[in-house]
Amino acid sequence: MFAVYAAAPNADAPLDSLTVGERPEPEVGAGHVAVTVRAASLNMHDLWTLRGVGIKPEQFPMILGCDGAGTLADGTSVALHSVIGDPDWKGDETLDPRRTLLTEKYQGTMAETVVVPKRNVVPMPDGMTAAQAAVMGTAWLTAYRMLFTKSGLRPGQTMLVQGASGGVSTALIQLGRAAGLRVWVTGRSEEKRALAEKLGAHATFPSGERLPERVDGVFESVGDATWSHSMRALKPGGIIVICGATSGFNPGADLQRLFFLQLRVVGSTMGTRDELADLLKFVANAGITPEIGLELPMERASEGFNAMLQGDTAGKIVFTR
Ligand SMILES: NC(=O)c1ccc[n+]([C@@H]2O[C@H](COP(=O)([O-])OP(=O)(O)OC[C@H]3O[C@@H](n4cnc5c(N)ncnc54)[C@H](OP(=O)(O)O)[C@@H]3O)[C@@H](O)[C@H]2O)c1
């Protein structure tokens, strides 16, 4: 079948191992279901996979794509939940030490067909397109859990999103605005900050600029480049929720500020199937149109990968079939 896959790990030139071609038809084991893919979205995780981060060399070739949407054999339209837990695990599957994401053990969604455990498909709400549903499973689910499960922020409080145009950042902006928070955003260019304002940010600032006042919570996915600003931006008792570190994993900790102002730093990864189902309902109920900056036929996936590698994002990048 047609597929977009990582042929081998390539730490220095990840796009050199990106291949658009053919992979064997997947087998559908007991308790699993085949989904005919209609759309798949691109995440930074796919670039980590091409680099060989979080995946063993013997697992290549690996079809890319952590999330997507498509149809079951009976015609039901579904979004995919990427977190695949051990069948015996009880409770929050993001805490299961044996959990994997699509593209870590299971093949990914950038293909004609993807096979997942039956519980990893969630019906799409009426009116949602396949492209919109395909952005929900990773970036939007991660943003939803950061904001509504982990941060403890209330409507009316002020949130700062580090990064304006990325998948997780744009989801946080749109979710925060719809939930009644005051949304502040940093972005690296005027164009990116203008996008954040279009999506509902109440104010935007160049990366690292001093804010007019301190905020209740900061949402981090950037890491080294923004961490000290995130720490300085918080009110006493405030919280940083972090899901990633695109620019580096080792910022200075600023421990004195951490204990003296009684700040909290909380990690967050993906979300549960129940959170994904609630996210889909929230997006439908609130009338949110998830921002898709680039939509391409799957055959042209390399253009999307290249844009993400260059930092040339304006919302989610989606490949359709
Ligand atoms: N833990 C999880 O479950 C989970 C889930 C999803 C993503 N993640 C992680 O979250 C991160 C973002 O993923 P994504 O898919 O949203 O990526 P993306 O679409 O490529 O977005 C990258 C974002 O990072 C910002 N950024 C990058 N380098 C920067 C720098 N030097 N200074 C300031 N801002 C910078 C960009 O800000 P501008 O808009 O200003 O360019 C952009 O908003 C990745 O590290 C990914 O691995 C983790």
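Atoms within a ligand are numbered from 1 in the order they appear, just like the ligands themselves.
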Min heavy-atom dist A171 to ligand 1 below 4.0 Å:
no

Which of the numbered atoms in ligand 1 are below 4.0 angstrom from a heavy atom of G187?
40 (O)

The atoms of ligand 1 lying under 4.0 Å from a heavy atom of M270, numbered in the order shown, are 2 (C), 3 (O)

Side-chain donor-acceptor pair present, H45, E104, cut-off under 3.5 Å:
yes

Among non-hydrogen protein atoms, atom 11 (C) of ligand 1 lies closest to T246 OG1, 3.3 Å

For atom 42 (C) of ligand 1, the protein heavy atom that lies nearest, with its residue and separation:
G166 N, 3.6 Å

Which atoms of ligand 1 sit under 4.0 Å from any heavy atom of A164?
37 (O), 38 (P), 39 (O), 40 (O), 43 (O)

Just by distance, with hydrogens left out, do T313 and S165 show a side-chain donor and acceptor under 3.5 Å apart?
yes

I'd like to check which ligand 1 atoms, numbered from 1 as shown, lie under 4.0 Å from a non-hydrogen atom of A245.
45 (O)

Any side-chain donor-acceptor pair under 3.5 Å between S41 and D67?
yes

We want to know whether E93 and T272 form a side-chain donor-acceptor pair, criterion being a heavy-atom distance below 3.5 angstrom.
no

Contact with ligand 1 for A139, non-hydrogen, under 4.0 angstrom
no

Can you name the atoms of ligand 1, numbered from 1 with element, that are less than 4.0 Å from a heavy atom of S268?
1 (N)

So which residues get pulled into V222's cluster when ILVMFWY side chains under 4.5 Å apart are joined, directly or through others?
none

